[in-house]
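Notes to accompany the following structure.
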Amino acid sequence: MPRPEVPDPYRRRAREAGYVSRAVFKLKAMDTRFRLVRPGQRVLDLGCSPGSWLQYLAERVGGSGLVLGVDLTPPAVALKPPLYFLAGDIQSLDLAALRAVSPVFDLVVSDLAPKTSGIREVDEGRSLALARAALAAARELLRPGGHFLVKVFEGPDLPGLVAEVQALFEECHRVKPEGSRPASRELYLVGLRKRAAKRG
């Protein structure tokens, strides 16, 4: 968090644009670069609260799309089509409940971060577990050709997760987007075009 005496231009811009969080600018930057979100898509937003990513995704998919948010805490935004919400823990997702809303998704995103302990190794491990849970959801729910975006704290075990994303997607990019605080250890993995499952 920025010190109170240090202005945060992203927070001001978010407030002026009607977004509930500055985090929206990270998603917007990555969408601009990789063209992740398109009209009519079905998007799964894991760890969606407070809801700025939901707001942006709903604008991008439009009335013909669908955005399903999942979190332990309900988002602080109006929930009306194309926005939907299911209360749940990413590490014990009810896949049947998600599929009841949409059998498959075109894009899975996760901006989840763990409650930090101040112990670097512990926080990195918790972040990695959340990212792997998001990847497991993408493996089950994302259509072939779909995209994946997940936040993770950088650490010595990150290459293993990168290898898993590379195995599932045709491309994997490591990104520190505009809006991410310079001092933060967070980065994002972007998986483009999920590979079709091998037969036999």
### Message
The test is side chain to side chain contact (heavy atoms under 4.5 Å, CB included); show your working for Phe148 and Leu168 and say whether it passes.
### Response
CA-CA 10 Å; Phe148 175 63; Leu168 190 60; over 6 Å; no
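- For the pair Ala58 and Val67, the tightest heavy-atom approach, listed with the atom from each and the gap, is N-CG2, 3.9 Å.
- Val104 belongs to no hydrophobic cluster, as no Ile, Leu, Val, Met, Phe, Trp or Tyr side chain comes under 4.5 Å of its own.
- Side-chain contact between Leu128 and Glu124: absent, with no pair of heavy atoms (C-beta onward) separated by less than 4.5 Å.
- For Leu112, the side chain to side chain contact (heavy atoms under 4.5 Å, CB included) partners are Ile90, Ser110, Leu130, not counting sequence neighbours.
- Here the shortest heavy-atom pairing between Gly191 and Val165 reads CA-CG1, 4.0 Å.
- In this structure Thr116 satisfies the side chain to side chain contact (heavy atoms under 4.5 Å, CB included) test together with Asp123, Phe153, sequence neighbours excluded.
- Taken from CG in Leu93 to CG in Leu141, the straight-line distance is 8.0 Å, to the nearest 0.5 Å.
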### Val109 and Leu36: CA distance, side-chain angles, deciding distance, side chain to side chain contact (heavy atoms under 4.5 Å, CB included) verdict
CA-CA 10 Å; Val109 300; Leu36 300 171; 5.7 Å; no
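- Pro144 approaches Ala196 most closely through the heavy-atom pair CB-CA, 4.2 Å.
- Environment of NZ in Lys28: sparse, with no more than 12 heavy atoms of neighbouring residues, nucleotides or ligands closer than 6.0 Å.
- Every residue was checked against the salt bridge (charged side-chain N to carboxylate O under 4.0 Å, His left out) condition with Arg126, not counting sequence neighbours, and none meets it.
- Formation of a donor-acceptor pair under 3.5 Å by the Lys176 side chain with backbone atoms of Ser184 is found in this model.
- His147 is not listed as a side-chain neighbour of Lys194, based on a closest heavy-atom distance of 4.5 Å or more.
- The minimum heavy-atom distance linking Val77 with Pro50 is given by the pair CG1-O, 4.0 Å.
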### Query
Could you go step by step and tell me if Leu46 and Val108 meet the side chain to side chain contact (heavy atoms under 4.5 Å, CB included) rule?
CA-CA 8 Å; Leu46 300 170; Val108 173; 3.9 Å; yes
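- Residue Arg195 holds its CZ atom at 9.0 Å from CD of Gln166, rounded to the nearest 0.5 Å.
- Of all the heavy atoms in Phe169 and Leu192, the pair that sits closest is CB-O, 3.5 Å.
- Between Phe34 and His173, the two ring planes are tilted [angle within 30° to 60°].
- Nearest heavy-atom pair, Val152 versus Ser127, reported as atom, atom and distance to 0.1 Å: CA-OG, 3.3 Å.
- The line from CZ of Arg99 to CG of Leu68 is 13.0 Å long, rounded to the nearest 0.5 Å.
- Atom CZ in Phe85 sits 7.5 Å away from atom CG in Leu79 (nearest 0.5 Å).
- Tracing side-chain contacts under 4.5 Å through hydrophobic residues (I, L, V, M, F, W, Y), one never reaches Val43 starting from Leu135; they form parts of separate clusters.
- Every side chain to side chain contact (heavy atoms under 4.5 Å, CB included) that Arg60 has, sequence neighbours left out, goes to Asp31, Val37, Tyr56.
- Side chain of Gln55 to backbone of Val20: a donor-acceptor contact under 3.5 angstrom is found.
- One hydrophobic cluster, built from ILVMFWY side chains closer than 4.5 Å, holds both Leu189 and Phe105.
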### Message
Please determine whether side chain to side chain contact (heavy atoms under 4.5 Å, CB included) holds for the pair Leu44 and Leu142, giving the CA-CA distance in whole Å, both sets of side-chain angles, and the decisive distance to 0.1 Å.
### Response
CA-CA 9 Å; Leu44 178 60; Leu142 193 61; over 6 Å; no
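- In the hydrophobic clustering of this structure, Leu54 does not group with Val70; members are Ile, Leu, Val, Met, Phe, Trp, Tyr whose side-chain heavy atoms approach within less than 4.5 Å, directly or through other members.
- Every pair passing side chain to side chain donor-acceptor pair (under 3.5 Å) that includes a residue from residues 32-45 is listed here, sequence neighbours excluded: Arg42-Asp106.
- By the rule that hydrophobic residues join a cluster once side-chain heavy atoms approach within less than 4.5 Å of another member, Leu66 and Leu83 end up as members of separate clusters.
- To the nearest 0.5 Å, atom CG of residue Leu57 and atom SG of residue Cys48 are 10.0 Å apart.
- Residues Phe25 and Val190 share a hydrophobic cluster, clusters being chains of Ile/Leu/Val/Met/Phe/Trp/Tyr side chains in contact below 4.5 Å.
- Using modelled atom types, no side-chain atom of Arg15 and backbone atom of Arg22 make a donor-acceptor pair closer than 3.5 Å.
- Judged by distance alone, the side chain of Thr73 and the main-chain N or O of Ser49 form no donor-acceptor pair under 3.5 Å.
- Rounded to the nearest 0.5 Å, atoms NZ (Lys26) and CG (Leu187) are 11.0 Å apart.
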